[in-house]
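Take a look at the structure set out below.
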Amino acid sequence: MFKAKLIEEDYYYTLRHDQIFLNLLPAMPAAIILNYCNVPIFATIGCIAAYIICIFYIRKNHILMQTLSGKRRIEINEEQISIETKKGKTKEIIPIDEINEITVLEEYLIPGDSIKEHGRELLGNVEKNFIVIKIGQEEERFDFEVDSNYMIVQLNKVIDAWKASGRNVQVFSEA
């Protein structure tokens, strides 16, 4: 069974981009100034104060990110997709038998898992994990954040089981 936090709004991806930028912003200049320049003590205090202010904004951004991704969870297995609240109450159950088409990504990734992914995200290429289901003429997209390689393996097992049972599974690749 696959479990992940649902992302409630696209604004989450902007915040994630900002979080990476904010994490890099204060550390690099402060380290260079304090280590390689012979600066007076008031400049050092100024750098430390600027760093503390950046930490405040990093924390504020992180809290906002949590509010946009922690309200609901998605659980996916071979028979159903269920949406649960933060307290574990099942809000919605979608049996796989009712789904006409399932669109999955070619590859699911953990956001910020590598330096390369951080660089891509800083350049604006935000990695999104999602699954799209089509019931009749209605499509519903579930964006989620994978938090471990184990969960990626679980999701791939579920997708393989769907394919083996003859479900209409489409693979989406961004290439």
Side-chain angles (χ1 to χ4, degrees), residues 1-25 54-135 138-163 167 169-174:
M1 176 181 285
F2 170 77
K3 298 179 182 182
K5 285 192 252 180
L6 277 175
I7 296 172
E8 303 292 334
E9 297 180 31
D10 278 345
Y11 184 55
Y12 173 84
Y13 297 112
T14 303
L15 291 173
R16 198 168 75 193
H17 171 269
D18 294 348
Q19 187 74 7
I20 293 171
F21 183 72
L22 285 170
N23 284 334
L24 291 176
L25 182 69
C54 284
I55 289 173
F56 169 76
Y57 283 109
I58 289 169
R59 178 74 179 138
K60 184 179 172 183
N61 193 56
H62 182 71
I63 290 169
L64 190 53
M65 283 174 57
Q66 285 181 327
T67 62
L68 294 177
S69 70
K71 294 178 187 170
R72 299 186 303 161
R73 295 182 58 83
I74 187 168
E75 290 188 6
I76 303 173
N77 61 34
E78 291 86 0
E79 293 87 31
Q80 69 184 21
I81 296 173
S82 62
I83 308 300
E84 294 186 352
T85 63
K86 191 175 185 178
K87 296 181 180 179
K89 294 182 181 178
T90 303
K91 197 171 187 180
E92 180 181 2
I93 296 176
I94 306 163
I96 297 300
D97 293 335
E98 293 179 7
I99 300 173
N100 299 351
E101 181 180 301
I102 305 169
T103 304
V104 297
L105 290 176
E106 189 172 37
E107 179 182 22
Y108 289 95
L109 300 170
I110 301 171
D113 195 32
S114 67
I115 299 285
K116 180 181 176 183
E117 288 174 34
H118 278 301
R120 286 179 42 162
E121 200 154 323
L122 279 172
L123 294 173
N125 300 327
V126 178
E127 195 63 52
K128 297 180 181 183
N129 292 317
F130 61 86
I131 186 169
V132 179
I133 61 170
K134 188 173 184 180
I135 301 173
E138 292 185 34
E139 275 191 4
E140 191 168 0
R141 176 176 163 151
F142 298 104
D143 283 58
F144 51 85
E145 187 170 275
V146 180
D147 60 357
S148 69
N149 285 317
Y150 175 75
M151 281 299 144
I152 292 174
V153 169
Q154 293 301 319
L155 181 58
N156 286 331
K157 285 181 181 178
V158 170
I159 293 168
D160 290 342
W162 288 340
K163 289 177 182 177
R167 305 275 179 221
V169 178
Q170 304 297 319
V171 178
F172 177 79
S173 66
E174 296 186 48

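Computed from a predicted structure; not experimentally measured.
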Practice problem: Please lay out, stage by stage, how Ile83 and Phe142 fare under the test side chain to side chain contact (heavy atoms under 4.5 Å, CB included). | Solution: CA-CA 10 Å; Ile83 308 300; Phe142 298 104; 3.7 Å; yes
Quiz item: Nearest heavy-atom pair of Leu22 and Ile58: which atoms, and what distance?
Solution: O-CD1, 3.4 Å
Self-check item: Non-hydrogen atoms of Met65 and Leu15 that approach each other most closely
Solution: CG-CB, 3.5 Å
Quiz item: Got a sec, which residues hit side-chain contact (heavy atoms from CB on, under 4.5 Å) with Val132, two or more places apart in sequence or on another chain?
Solution: Thr103, Phe130, Glu139, Arg141
Self-check item: Nearest non-hydrogen partners of Ala161 and Glu78, listed with the distance
Solution: CB-CG, 3.4 Å
Exercise. Quick one: pull up CZ in Arg73 and OG1 in Thr85 and give me the separation to the nearest 0.5 Å.
Key: 11.0 Å
Practice problem: Can you sort out the partners of Arg167 under side-chain contact (heavy atoms from CB on, under 4.5 Å), two or more places apart, ordered by chain and number? | Solution: Ile96, Asp97, Trp162, Ser165, Val169
Quiz item: So which of Asp147, Ile152, Asn129 actually passes side chain to side chain contact (heavy atoms under 4.5 Å, CB included) with Ile110?
Solution: Ile152
Exercise. Please round to the nearest 0.5 Å and tell me the distance separating atom CD of Glu9 and atom OG1 of Thr67.
Key: 8.0 Å
Exercise. Taking the side chain as every heavy atom from C-beta outward, state whether Gln19 and Leu64 have any atom pair closer than 4.5 Å.
Key: no
Quiz item: Quick one: does Asp18's side chain get under 4.5 Å of Tyr57's, heavy atoms only?
Solution: no
Self-check item: Shortest non-hydrogen contact between Glu8 and Lys71, atoms and distance
Solution: OE2-CB, 3.9 Å
Self-check item: Separation between CG of Leu6 and OG of Ser69, rounded to the nearest 0.5 Å
Solution: 9.5 Å
Quiz item: Looking at CD1 of Ile94 and CD of Gln80, how far apart are the two atoms once the value is rounded to the nearest 0.5 Å?
Solution: 9.5 Å
Quiz item: Which heavy-atom pair separates Lys128 from Leu105 by the least distance, and what is that distance?
Solution: O-CD1, 3.2 Å
Quiz item: Counting only heavy atoms not in Glu138, do more than 12 sit closer than 6.0 Å to its CD atom?
Solution: no
Quiz item: Would you say the side chain of Leu155 lies within less than 4.5 Å of the side chain of Val146, judging by non-hydrogen atoms?
Solution: no
Practice problem: Please check if any side-chain donor atom of Asp143 sits under 3.5 Å from a side-chain acceptor atom of Tyr13, or the reverse. | Solution: yes
Quiz item: Residues two or more places apart in sequence or in another chain: which of them pass ring pair (Phe, Tyr, Trp, His ring centres under 6.0 Å) with Phe2?
Solution: Phe144
Quiz item: To the nearest 0.5 Å, how far apart are CG in Asn61 and CD in Gln66?
Solution: 10.5 Å
Quiz item: What heavy-atom pair brings Ile135 and Asn100 nearest, and what distance separates the two atoms?
Solution: C-ND2, 4.0 Å
Quiz prompt | Atom pair CD1/CD of Ile99 and Glu101 - distance to nearest 0.5 Å | solution = 11.0 Å
